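Working notes, structure below.
Predicted, not measured: the structure shown is a model, and the values here were computed from it.
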Amino acid sequence: MKKFYIPIFALSAIIIKAQSFEEISQPNLKSYFYSAAAVADFNNDGFQDIFFTGAIDSDGDTNVDATSNSLYKNTNGTFSSIQDFGENSVHLSAVKFIDFDNDGLLDIITTGLSYNDIVNYQQYRYKNTGSGFILVHNTAGKIYGGLDVFDFNHDGKQDYAINGTQYVEGVGFTHNLDLYLNNSNGFQKTEAWIPGTQNGNFKVIDINNDNELDLVVNGYDADYNGTFSVYINENGTLVKKSELPPVSDSKMSFADFNGDGFIDFVVAAQDDNYDPYLAVFINDGQGNFTESKIEDEGLSGGGVEVGDFNNDGYYDFVAIGDNDYESYSKIFLYNPQLQKFEKDETANLYNLGSQGTLAVFDYNNDGNLDILANGFDWSDEDLMPYTKLFKNTTTVTNQKPNAPTILTATENDNKIKFIWSGASDDKTPENSLQYELNVGSEAGKADIAKYIVTTKNWYLDKTDLPSKLYWSVRAIDAAKKYSDKSQEKELAVLGVADVKNTTVSIYPNPVKDMLNVKTTSKIKTYKVYNLAGQSVNTKLISDSTIDFSRLEKGVYVVEIQLENGKRTTQKIIKN
């Protein structure tokens with residue numbers, strides 16, 4: 001694989017807008033050691049809250065001595081702790097929000113260790129009551145790894161995986177990546193789903209846009225050698241496709257940087273020479289990544305997160321970490337004309353190092369992405385950590401995206417595939433938009449599935465689905481701003497026997513005048529849309545032919561519902 005390097009210029013041939021931040025005092029946020037944080041609106045009040053894990057100096061002698069986890073509620077931009085988790089707290093940890101019971105309230109999973117027992121690594125699952133969290137499950141956990149949430153088998157129920165180091169009595173230390181499949185009554189564990197790592201990071205995400213979830217994982221393997229592996233999902237099995245330059249002590253963040261429709265990522269780590277490392281990996285759409293190393297800017301042990309900081313529509317990134325026992329916080333802005341990242345020398349962030357966490361979100365709902373950072377300040381004589389919130393002071397405005405206008409759903413091979421188009425944004429390229437897919441058993445609900453996806457389509461396994469579904473989509477731009485919901489669509493789900501006994505053929509395509517519809521069931525309703533989502537006038541002739549003769553040349557979407565409940569859609573080219 002060809003390797004090339006990105007030079008960083010203080011002033012490029014094409015100037016990009018610099019970005020500055022202002023530190024906002026949040027005295028209620030503790031200064032955590034060995035922390036992790038998850039950000040989401042846990043109580044659905046419209047403000048992003050924080051779940052912090054880590055350890056603290058409880059007696060003020062500048063030495064860490066207690067594990068402490070807290071839920072911080074956001075009230076109009078001010079955070080206050082409303083729940084502490086006592087002896088069930090963890091540090092050297094990972095934490096994620098997950099709605100594991102599909103009730104519309106985000107639950108929590110944490111994993112790590114406690115000062116109560118230095119080798120008793122724990123994993124906790126907490127249920128969201130609407131005002132706080134209650135512990136519902138406790139089992140063995142991991143440290144020095146990571147945690148990710150996803151729906152691997154497309155059944156609508158959120159699964160998760162945990163990577164890292166675990167101490168097993170009588171065996172010693174193991175390094176596995178374990179899968180937990182959600183079966184509604186709990187989780188079924190697949191131990192050593194994939195060879196795991198220590199001091200690494202992983203992400204389960206669709207790399208090649210086939211609607212199947214793939215995997216990127218790095219860190220030290222069981223022999224303490226650096227690894228960086230890409231796995232592609234082949235019929236539900238993850239198969240190793242390639243090896244990237246080995247790294248450890250790493251963090252990754254994913255987005256479509258260049259607007260080509262494929263997910264790229266940035267990694268901050270140390271390389272196989274133990275030197276600080278920072279690189280962007282560009283995806284060719286087949287799961288092959290090209291390394292673009294950012295020379296002389298490497299950071300290890302900290303964090304990296306993506307988001308559009310200057311509201312130009314393109315994903316930027318922020319990184320914190322260590323370089324030769326010095327702490328750094330850096331922002332890199334994407335220059336779409338030069339197709340590279342350039343360091344923002346005016347960011348005005350407090351320098352924070354390793355063993356901390358990083359989050360990017362709009363804490364005060366002003367439309368700009370802000371930064372939450374926690375880590376060590378190596379210049380502090382007591383080597384203390386700090387928690388900082390930085391407000392984005394850009395004056396460049398960003399409008400919310402327009403929602404998708406054309407929504408269609410098809411049934412095939414025991415799958416329901418949801419397809420949408422027509423979303424747009426004032427700045428973010430259409431290919432770089434992400435989407436929230438909501439599927440419910442009743443209008444307005446999302447109790448069957450709720451996903452964030454990076455493609456304009458996704459699917460559900462139709463096993464155990466109700467006979468009728470309601471679904472809608474929201475677009476999300478690079479500044480993490482959501483569109484309104486699209487028009488909600490209703491879908492009748494056929495039984496397996498109905499699907500087998502019904503065939504639909506629509507031809508010719510391209511069509512000049514008459515479009516033929518051949519089916520074993522009568523047409524109940526039909527609609528024809530243009531690509532703007534507008535219904536166009538056509539005439540159904542003899543229940544088997546649609547008159548296209550008066551339409552202008554272009555691309556149209558035909559949606560047909562049969563009397564037996566089957567619904568089918570197809571894009572048609574009019575010549």
Check your understanding: Just one of Asp380, Asn351, Asp377 clears the side-chain hydrogen bond (donor to acceptor under 3.5 Å, both in side chains) bar with Tyr386, so which one?
Key -> Asp380

Check your understanding: Pick from Phe341, Phe262, Phe281: which one makes a ring-ring contact (aromatic ring centres under 6.0 Å, His included) with Phe257?
Key -> Phe341

Review point. Backbone N or O of Gly132 within a donor-acceptor pair of the Thr129 side chain at under 3.5 Å?
Key: yes

Practice item. Would you kindly say whether Tyr32 and Gln355 are connected by a side-chain donor-acceptor distance under 3.5 Å? Key: no

**Study point:** Donor-acceptor contact present, side-chain Asn323 to main-chain Leu299, <3.5 Å
**Key:** no

Review point. Which of parallel (below 30°), tilted (30 to 60°) and perpendicular (above 60°) describes Trp378 and Tyr325?
Key: perpendicular

Exercise for review: Measure the acute angle between the ring planes of Phe265 and Phe228, then classify it against the limits of 30° and 60° as parallel, tilted or perpendicular.
Suggested key: tilted

**Study point:** Salt-bridge present (Asp214, Lys241; N to O < 4.0 Å)
**Key:** no

Study note, to complete from the structure: Nearest heavy-atom contact between Ser250 and Val267 is CB-CG2, 4.1 Å

Practice item. Determine yes or no for a side-chain-to-main-chain donor-acceptor pair under 3.5 angstrom, with Ser432 supplying the side chain and Asp256 the backbone. Key: yes

Check your understanding: Nearest 0.5 Å, what's the CD-CD1 distance between Glu305 and Ile320?
Key -> 9.5 Å

Review point. Which word best sums up how the rings of Tyr224 and Tyr220 line up, parallel for under 30°, tilted for 30 to 60°, or perpendicular for over 60°?
Key: tilted

Practice item. Could you tell me whether the side chain of Asn438 and the main chain of Lys450 form a donor-acceptor pair under 3.5 Å? Key: no

Review point. Would Arg125 and Tyr180 count as having a side-chain donor-acceptor pair, cut-off 3.5 Å?
Key: no

Point to revise | Residue pairs fulfilling salt bridge (Lys or Arg N to Asp or Glu O under 4.0 Å) with at least one residue in residues 154-172, sequence neighbours excluded | key: Asp155-Lys157

Review point. Without hydrogens or angle criteria, can the side chains of Asn138 and Gln122 be said to hold a donor-acceptor pair below 3.5 Å?
Key: yes

Practice item. Please check if any side-chain donor atom of Thr53 sits under 3.5 Å from a side-chain acceptor atom of Ser93, or the reverse. Key: yes

Review point. So Asp101 and Lys127, salt bridge (Lys or Arg N to Asp or Glu O under 4.0 Å) or not? Walk me through it.
Key: CA-CA 9 Å; Asp101 52 8; Lys127 177 175 172 53; 2.5 Å; yes

Review point. Under 3.5 Å, is there a donor-acceptor pair linking the side chains of Thr454 and Gln434?
Key: no

Check your understanding: Can you name the closest pair of heavy atoms from Tyr115 and Ala55 and give their distance?
Key -> CE1-CB, 3.7 Å

Review point. Are any side-chain N or O atoms of Asp249 and backbone N or O atoms of Asn199, one a donor and one an acceptor, separated by less than 3.5 Å?
Key: no

Check your understanding: In terms of heavy-atom contacts, does CG of Asp61 have more than 12 from other residues, nucleotides or ligands at under 6.0 Å?
Key -> yes

Review point. Is it the case that Thr387 and Ser31 place a side-chain donor and acceptor less than 3.5 Å from each other?
Key: no

Review point. Taking Gln26 for the side chain and Gly77 for the main chain, is one N or O donor matched with an acceptor at less than 3.5 Å?
Key: yes

**Study point:** Asp322-Ser354 side chain donor-acceptor pair, cut-off 3.5 Å
**Key:** yes

Check your understanding: Quick one: which of Phe133, Phe47, Tyr72 gives a ring-ring contact (aromatic ring centres under 6.0 Å, His included) with Phe42?
Key -> Phe133

Check your understanding: Just checking, any donor-acceptor pair under 3.5 angstrom between side chains of Thr139 and Gln123?
Key -> no

Point to revise | Salt-bridge criterion met for Lys203 and Asp148 (N-O under 4.0 Å) | key: yes

